[in-house]
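By convention here, the first residue in the shown sequence is residue 1.
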Amino acid sequence: MGQQTQTTPTKKPHQTLVFAVNGERFELSELDPSTTLLEFLRSQTSFKSVKLGCGEGGCGACLVLLSKYDPVQDKVDDFTVSSCLTLLCSVNGCSITTAEGVGNSKDGFHPIQERFSGFHASQCGYCTPGMCVSLYSALINADKTDRTGLHPGFSKLTVSEAEKSIAGNLCRCTGYRPLVDACKSFAADVDMEDLGFNSFWKKGESEDIKLSRLPPYNCNNATRVFPEFLKTVIKAGFNLESEGCCWYSPGSLVQLQSLLQTDEVNDGTSMKIVVGNTGMGYYKELGHHNKYIDLRYIPELSIISKDQTGIKIGASVTISKAIEALKDENDSGINHEGKLVFEKLADHMERVATGFVRNSASMGGNLIMAQRKHFPSDISTILLSVDTMVDILTGHRHETITLEEFLGRPPLVSNSVLLGIKIPCWKSRRDISSKTYTKLLYETYRAAPRPIGNALPYLNAAFLAEISLCKKSAGIVLNNCRLAFGAYGTKHSIRARNVEEFLSAKLLNFGVIYEAIKLLESTIIPEEGTSSPAYRTSLAVGFLFEFLSPLMNSYTDISKLWFDEYNSDLLSNGSKIKQNCDQFNQIKSPALLSSAKQVIQLNKDYHPVGEPLTKVGAVIQASGEAVYVDDIPSPRNCLHGAFIYSTEPLARVQGIKFKPGSSPHGVSTVISFKDIPGENIGAQTMVADTQKNADMAANLAVVDYDKKNLEPILSVEEAFEKCSFYKVPHLLNPEPVGAFSKGMAESDHQILSAELKLGSQYYFYMEMQAALAVPDEDNCIVVYSSCQCPEFVHDTIAKCLGVPSHNVRVITRRVGGGFGGKAIKAIPVATACALAAYKLNCPVRMYVNRKTDMIMAGGRHPMKITYSVGFKSNGKITALKLDILVDAGMSADISPVMPHNIIGSLKKYDWGALAFDIKVCKTNLPSRSAMRAPGEVQASFIAEAIIEHVASSLALEVDSVRNINLHKFETLKLFFKTCAGEPLEYTLPSIWDKLAISSNFYHRTEMLKEFNRCNKWRKRGISRIPIVHPVILRATPGKVSILRDGSIVVEVGGIELGQGLWTKVKQMTAYALSLIQCAGNEELLEKVRVIQADTLSLIQGGFTSGSTTSESSCEAVGLCCNILVERLTALKEKLEEQMGPVKWETLILQAYMISVNLSANSLYVPDFSSMQYLNYGAAVSEVEINLLTGQTTILQTDIIYDCGQSLNPAVDLGQIEGAFVQGIGFFMLEEYPTNSKGLVVAEGTWSYKIPTVDTVPKKFNVEILNSGHHKDPSGEPPLKLAASVHCAIRAAIKEARHQLHSWGGLDESYSTFQLQVPATMPVVKELCGLENVQRFLQWTIGSKQLHSAGGTV
């Protein structure tokens, strides 16, 4: 190893950056220090598996395995990092492994990638490479352990570790269940019966057979070898000067102080101190830095030392390494209680951020962000509770202060350095003279939208208490305590010292706890502007109550435990106090997906159609070799675009300039409407040399607005007052059913003018909007677009450029998730790129960043619903009238179709008579667009909310009201005149009854009632709901061509979005061509390739939407194949007469020789009798809510869905599960808030929370019914079934409110309430009672007083 070259700011460093990517050596001497690893990999290498999903370290799409060699211990440290945050200069001497390095098509796929494919765990595939890298890292590190007793074919991973390996990765398609199954298949302790549907084995086969059919895994050769050439690279840091930008890696505090002092002198220098650079994910970079100082090579900042007094952790130590140190069981003289405190600190830290962020983020960086920028840190709170000390160096002055003092000081000055922290080792005191024994209790808490991390908390807390047993008073005395709270809307974590002083030396009883809580309420007060302030205060109360109330056990229980040396921990698993504690929160160490069952009916009559084949391209998606638009290499001289978005809802743009004092790098020009030669699309696009520079320049743009005499419409109420509506074409206007006034007259009861409101939902596709435009000869242009409707992109570009349509070609190969958001919304992105490329005569590409996309996307349509309903005493509804205001935003988009979609799905119940007035409102908010089941998922909720309201007003069981209002076939025909079909096709009644049996619905309902009687702070609810989904087929083109060697190329108008369109089309092609009955027909499937959509090759492609494109495309391809079979049949018969059985290749070669046309086009146009039909399904969901936090856990979901004739049950199963989980996001998690001007304020993964592996059902059972009556739209209808979760939450809240009523906390109307969407933690908690703890304590104290006075309770 070479000598370290020490540098000072006055001496220019001359070093090269050396690292490896997938074993390939890279050596750089010139680079911009702000360059991230992701930017380098995507722009300077062929490895494109690292995807930019968020730029915040919050999604896992950009993960790589980073390996570091330790020459002292001669070992390699392997861990995942977010390449979007990791600065390239920080990887000197490291080996990087991407998904291509894990395995690929040329060198062979890794079993991880093969199993992800075989378990049907990849849909759009954009997140899959990151998932594979996460699991790969977990396997490597597990196999380094000394665990024994392994079975051949398995790794050393446990099931729990396997599940959690992908806990930080986001997926918007799959619903996570197959991903978890693929991971668990490597675990040593897995039960093979728990693994879900896959392509490796059949149900009922033995475990040995199952294992033999899995792609083999051998831990001995699974680990990548660390490159030998890197072992000689200098490890003492990397220094670089490049075009005025410097990167320094000081090796001592002296060098660091020198650099900091130089920066003080050079006032113009913008300095950035880095360790893992993860702070950039939260505090976005809005400018350039001239100097970067890497702290990782200063020994004093990297120290970890442990002795009997405590543990010292250097500031640059990563959170992951700190966790390891805290959990280290090596004896350092630390007592038992001290170890318990350390373990609980570590457990809490494991719920901070994600594993790949913790691998880079430093302890010091987290505390500095908390101190300087008021970051809502968990780590500062838990360390504050244990009297952590902080070491600071300012200039040459060294001081050690408490963390509390550190947090309370003004922001640390630039020449001050946080050296490290010391966490003391705690132990209880034992006063031998008084024979008083004390015990130490320690617990940490956090309430966050995701149980196991990857979400900022609403509030965190940590409590340390020393307690003793008081024989005289037969209770527990709290000698002293430390109560720390943070992240609740305060500048930094605090100690609740007034509460601590009050509790000190108090004999604990409910009265004392009540007084302490009252005091705490006046202490934990969020700052103005904090969301849900009352909720956050209630969390503090709930956590303190949860900590103290288990100590209210009987004296006998406590004293028996106290002197039991075996159970020296008061909260050990066997103790009654522990059992008492468990009643509050079952999520301390939450299990993820415990089990799942898939029931699939296979049909082999039309081989290979109907068979559960793996998705086309799944394995290359897993290896990262599948090419998306942004993966296409940039042509020479390519520029990059970024949108400048408006911050005003309605204004005239007077001009655009940059912020004063800013100097954007690499900007070429701004494209505006003035540059449009054809029709105006109205976009302002910043064009620069890189995407980063374009984005930063767009952020620095200042728009001069003229708002004179302009009054924006910002709500549907304002639109209604001003009659601002979009016209709905007559064909899209649904017809009412029956006579509303007559139905109301027949009713026994009525609910009049009740209101509901529904918000929006963001698509959160993993691949952002992307386009690449390349000018071509003769005034032509080729545009690669990530879109769902290339035909409409094509038309818009031609009109914008003012050129004939034949001058434009739009190509789309695959899309990394769309959900409707890449239909209309993709058009301006592609068109803006085309316009810039056309004007500048050079290639221009755009990859819209997450924040801008969230602002412009619009998402799902918000609505205001007013309804009046009449019903009989038995719950049968006789009439329903709806007045619905739909917020369509500033342009029509697809909004005129909303009335049709809403009413179509609302008709799932027999309402007797149905009347409605739906206004599609034009507002000055972002234009809303199609989002998976547009209008239909809202209608599903509206229907269930009405049913729930009727049941509540009659005090009837909700399920009985649903039952009585299900359609008979006669009423189904009345409501669905054109698509009800025949009586045998109406499968909902049988599905409804079958689901009750398969889900054990009635027995679970009774068990749930018993659970609710026995648990004060956890309540459960269960709900069963149906769906009826109208389907309309559209005309779709297809083209099949047979090449000379017999291979087959297929084109369809539909786009592969992850829904398995290519897979189903491939199956249909193989089946339809096999009807010619050549020898070797069984090999036809492997000869078929479906290729990208090209608008000049196949026209009239239309939209890929509505869950019907796969079905229609298969019909179109079937027509093509019929033509080809007809053309080939005569030749085949002639050849058979001459030579007997004919092989496919022989037939095709002969056809070529005699010039048979082997290419066929078709346009499938459904006839009126078959273009409309109904889909049916039902779901049962059971949830559990925590009454102290509002957290909801989905315990189980059972779905039965009628796919009619599934073209591929494996693909449809994934669509059903994925759609349902996306619905969970809408109903439970995803808030899409705006400011007073209507501008979206949710920014990326920090504030917008889609479901993760820890928020989906713990048991997830799906049965696909093949009734055979129609084809298989499965992408959208199951999303509506997620309303069952919302209804179950409502049922659980109802139980909580009944209990609160019994405590005197609610009046008699407690059972009537509206549960808004999404039912987030604050919403659930508020309905359960923000002061439910106080009410319980008042009730308990009052009951005890009454009892002591001789009364009855």
Side-chain angles (χ1 to χ4, degrees), residues 99 102-105 107-123 125 128-129 131-143 147-166 174 176-224 592-598 600 602 611-623 1063 1208-1211 1213-1214 1217 1253 1260:
V102 174
N104 57 69
S105 55
D107 302 323
F109 294 108
H110 192 281
I112 291 174
Q113 295 156 336
E114 294 173 318
R115 294 191 193 184
F116 268 61
S117 173
F119 277 95
H120 312 293
S122 182
Q123 290 187 22
T128 315
M131 297 275 184
C132 290
V133 172
S134 286
L135 178 57
Y136 182 62
S137 174
L139 286 174
I140 285 176
N141 286 298
D143 290 338
R147 295 172 187 166
T148 58
L150 300 179
H151 300 291
F154 293 101
S155 74
K156 295 182 181 180
L157 270 182
T158 65
V159 164
S160 176
E161 290 169 343
E163 287 181 326
K164 289 181 180 178
S165 68
I166 58 165
T174 64
Y176 296 101
R177 193 275 310 161
L179 289 163
V180 171
D181 280 345
C183 294
K184 290 198 297 188
S185 72
F186 290 92
D189 57 341
V190 69
D191 183 346
M192 301 287 275
E193 286 297 316
D194 283 345
L195 298 179
F197 188 71
N198 61 76
S199 64
F200 302 120
W201 62 74
K202 297 175 183 177
K203 188 176 180 180
E205 291 183 329
S206 70
E207 188 157 323
D208 288 340
I209 291 176
K210 289 177 180 178
L211 182 57
S212 69
R213 290 182 177 169
L214 275 175
Y217 175 76
N218 185 342
C219 62
N220 294 325
N221 55 22
T223 305
R224 193 173 188 87
L592 300 183
L593 286 163
S594 57
S595 66
K597 180 176 67 175
Q598 301 84 40
I600 297 196
L602 301 180
E611 296 189 17
L613 304 181
T614 57
K615 182 181 173 294
V616 169
V619 71
I620 61 169
Q621 288 175 179
S623 69
T1063 310
N1208 184 316
V1211 167
L1213 175 66
E1217 293 175 336
V1253 71
F1260 199 177

Q: Just jot down the salt bridge (charged side-chain N to carboxylate O under 4.0 Å, His left out) partners of E205, sequence neighbours excluded, or say none.
A: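 Counting only residues at least two positions away or on another chain, E205 forms a salt bridge (charged side-chain N to carboxylate O under 4.0 Å, His left out) with R213.
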Is it true that a side-chain atom of [X] and a backbone atom of [Y] form a donor plus acceptor pair closer than 3.5 Å?
X    : Y     : result
Q113 : A99   : yes
K615 : T1063 : no
S137 : S134  : no
N198 : W201  : yes
R115 : S185  : yes

Is there side-chain contact between [X] and [Y], with heavy atoms separated by less than 4.5 Å?
X     : Y    : result
N1208 : E611 : no
V619  : T614 : no
L214  : P111 : no

(Q) Given L157, which partner from the list V190, L135, N141 fulfils the side chain to side chain contact (heavy atoms under 4.5 Å, CB included) test? (A)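 That would be L135.
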Q. Looking at T174, I166, D194, L195, which one forms a side chain to side chain contact (heavy atoms under 4.5 Å, CB included) with V180?
A.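 Of the listed options, the one satisfying the test is I166.
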Separation of [Y] [atom2] from [X] [atom1] (nearest 0.5 Å):
X     : Y     : atom1 : atom2 : result
L1213 : H120  : CG    : NE2   : 8.0 Å
K597  : F197  : NZ    : CZ    : 15.0 Å
S165  : I112  : OG    : CD1   : 8.5 Å
D189  : E161  : CG    : CD    : 8.5 Å
E193  : K203  : CD    : NZ    : 9.0 Å
Q598  : F1260 : CD    : CZ    : 9.5 Å

Using the test ring pair (Phe, Tyr, Trp, His ring centres under 6.0 Å), find all partners of [X] that sit at least two apart in sequence or belong to another chain.
X    : answer
F116 : none
F154 : none
F109 : none

(Q) Restricting to non-hydrogen atoms, name the atom on A162 and the atom on A187 that form the minimum distance, rounded to 0.1 Å. (A)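 Taking A162 first and A187 second, the nearest heavy atoms are CB-CB, 4.4 Å.
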Q: Classify the side-chain pair Q621/S122 by whether it contains a donor and acceptor separated by less than 3.5 Å.
A: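 A pair is found: one side chain offers a donor N or O, the other an acceptor, under 3.5 Å apart.
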Q. So F186 and Y217, would you call those rings parallel, tilted or perpendicular, with 30° and 60° as cut-offs?
A.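 The rings of F186 and Y217 stand perpendicular, inter-plane angle above 60°.
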Q) Can you list the residues that meet the side-chain hydrogen bond (donor to acceptor under 3.5 Å, both in side chains) rule with S117, with sequence neighbours excluded? A)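 By the side-chain hydrogen bond (donor to acceptor under 3.5 Å, both in side chains) rule, S117 matches no residue at all.
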Q: Could I get the full list of side-chain hydrogen bond (donor to acceptor under 3.5 Å, both in side chains) partners for K156, not counting sequence neighbours?
A: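 side-chain hydrogen bond (donor to acceptor under 3.5 Å, both in side chains) check on K156 returns nothing, list empty.
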Q. What's the verdict on side-chain contact (heavy atoms from CB on, under 4.5 Å) for L139 and S155, showing C-alpha distance, side-chain angles and the deciding distance?
A. CA-CA 7 Å; L139 286 174; S155 74; 3.3 Å; yes
